[in-house]
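Let me begin by presenting the structure, written as structure tokens, before commenting on it.
Reminder, nothing fancy here: chain letters follow the sequence lines and each chain counts from 1.
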Amino acid sequence: IYNFNILLKGLCKNREFHKAISLVREMRRNGPLPDAVSYNTIISGFCKEKELEKALELMYEMEANHSLPGLVTWGILIDAFCRAGNMEEAMALYEDMKCKGIEADVVVYTVLIRGFCDRGEVVKGKALLDEMLQRSISPNAITYNTLIRGLCKIGQLKGASEMFKIMMERGVRPNVYTYTALVDGLCSVDKTKEALQILNLMIEKDEEPTVVTYNIILNKLCKDGLVGDAFKVIELMKKRDSRPD
RNA sequence: GUUCGACCUCCA
């Protein structure tokens, strides 16, 4: 079954969904029987191609056959609707999921939070964070990163740095994405000096900036005509591991 | 042990 699931994934990557579906039917006949992973793999493939209706259809097929949609299945679909900006449908799926007795986990919550944040509805994202905490589901770095990014995007840098503090207070270690989100937020409101401080902070904390982090700063410096400073940053990159790309 | 879901910039 692992082998077949790997094949299914390959077919999906090549967008050969018809072959993937045929293979599943063939598996139903001759075994090994497709399992939840088989279905989830194809559903995820459809979602990546934005074929949400096909994805839903396959979930119903899954339901009608042997494997009930599980937490991962719901997560894939909820994520897809969030990415499409359709939070109404995403929340409707979330409710359906709960009706079926499946409890959201940190991934599902984070996906929903991201959906709201991408629409600028950070308040709703924060409400979900509170809901998680009430239910003793621990938010992880990705959850906080998502909210920090959302706050930055609506220009609430103070909110973002508060969230950053809260995250650390709760024992969640900021990662490169966290710092990079802050650097991006600070640059976008012209606080380049503070962004550079964050850059230094992350180096202190042993979270090596990536080429993306440097790009954000370089982009900002160049936009402001500070090309000389940009070259200094390039020097810093070379001094550390990073190869400018 | 090996297969499915969530996080960063620009460009295309």
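A close approach under 4.0 Å does not occur between any side-chain nitrogen or oxygen of A:Arg114 and OP1 or OP2 of B:A6. At B:C7, one or more side-chain N or O atoms of A:Arg83 fall inside 4.0 Å of OP1 or OP2 (strictly under the cut-off).
Within the 4.5 Å cutoff, no side-chain heavy atoms of A:Pro139 are placed close to those of A:Val172. Two residues are said to be in side-chain contact when any heavy atoms from C-beta on lie closer than 4.5 Å; A:Leu151 and A:Lys126 meet this criterion.
Partner of A:Arg240 under the salt bridge (charged side-chain N to carboxylate O under 4.0 Å, His left out) criterion, chosen from A:Glu235, A:Glu207, A:Glu208: A:Glu208.
Counting only heavy atoms from C-beta on, A:Arg149 has its side chain closest to B:C8 among B:C4, B:G5, B:C8. The side chain of A:Asn145 sits closest to B:C7 out of B:U9, B:C7, B:C4. Nearest to the side-chain atoms of A:Val107 among the listed nucleotides B:A6, B:C8, B:C7 stands B:A6. Checked against B:G5, B:C8, B:C7, the side chain of A:Thr180 finds its nearest nucleotide in B:C8. For A:Asn5, the listed nucleotide lying nearest its side chain is B:U3; candidates were B:U3, B:A6, B:C8. Which of B:C4, B:A6, B:U2 sits closest to the side chain of A:Tyr2 comes down to B:U2. Here the nucleotide nearest the side chain of A:Tyr177, chosen from B:C10, B:C8, B:C4, is B:C8. Distances were taken from every side-chain heavy atom of A:Thr146 (C-beta onward) to each of B:C7, B:U9, B:C4; the shortest belongs to B:C7.
The residue A:Asn140 sits close to a base: some heavy atom pair falls under 4.0 Å. Residue A:Val111 is in sugar-phosphate contact alone, with no base atom involved, counting any heavy-atom pair closer than 4.0 Å across all strands shown. Across all strands, A:Val176 comes closer than 4.0 Å to no nucleic acid atom at all (heavy-atom distances). Nucleic acid contact class of A:Ile142 (heavy atoms, under 4.0 Å, all strands): base. A:Asp245 comes within 4.0 angstrom of nothing in the nucleic acid, heavy atoms only. The residue A:Thr41 sits close only to the backbone: its heavy atoms come under 4.0 Å of sugar-phosphate atoms, none of a base.
Rounded to an integer number of Å, the gap from CD1 of A:Ile76 to C1' of B:C4 is 5 Å. Regarding A:Met59, its CE atom lies at a distance of 18 Å from the P atom of B:G5, rounded to whole Å. A straight line from CG of A:Asn219 to C1' of B:C8 spans 14 Å, rounded to a whole angstrom. Atoms CE (A:Met237) and C1' (B:U9) sit 12 Å apart, rounded to a whole Å. Note: CH2 (A:Trp74) to P (B:G5) measures 19 Å, nearest angstrom. Rounded to whole Å, atom C1' of B:A6 lies 11 Å from atom CE of A:Met132. If you take CZ of A:Phe4 and C1' of B:U3, they are 13 Å apart, rounded to a whole angstrom. For A:Lys48 and B:A6, the NZ to P distance is 6 Å, given to the nearest whole Å.
Residues A:Lys153 and A:Glu121 are not paired through a salt bridge, judged by the lack of any N-O separation under 4.0 Å between the basic side chain and the carboxylate. Under 4.0 Å is where a charged nitrogen must lie from a carboxylate oxygen, and between A:Arg149 and A:Asp184 no such pair does. Of the charged side-chain nitrogens involved, at least one lies within less than 4.0 Å of a carboxylate oxygen, so that A:Lys98 and A:Glu95 count as a salt-bridged pair.
A:Thr178 and A:Asn145 form a side-chain donor-acceptor contact under 3.5 Å, judged by distance and modelled atom types alone.
At a non-hydrogen distance threshold of 4.0 Å, nothing from residues 188-205 of chain A comes into contact with RNA chain B. Contacts between residues 8-29 of chain A and RNA chain B, defined by a heavy-atom separation below 4.0 Å, involve A:Lys9, listed by number.
A single hydrophobic cluster is seen to contain both A:Ile148 and A:Met168, as judged by linkage of ILVMFWY side chains at heavy-atom distances under 4.5 Å, directly or through other members. A single hydrophobic cluster is not seen to contain both A:Leu147 and A:Ile142; linkage of ILVMFWY side chains at heavy-atom distances under 4.5 Å, directly or through other members, places them apart.
Expressed to the nearest 0.5 Å, how far OG of A:Ser44 lies from CG of A:Leu8 amounts to 12.0 Å.
A:Tyr179 and A:Phe164 have their aromatic ring centers within a separation under 6.0 angstrom.
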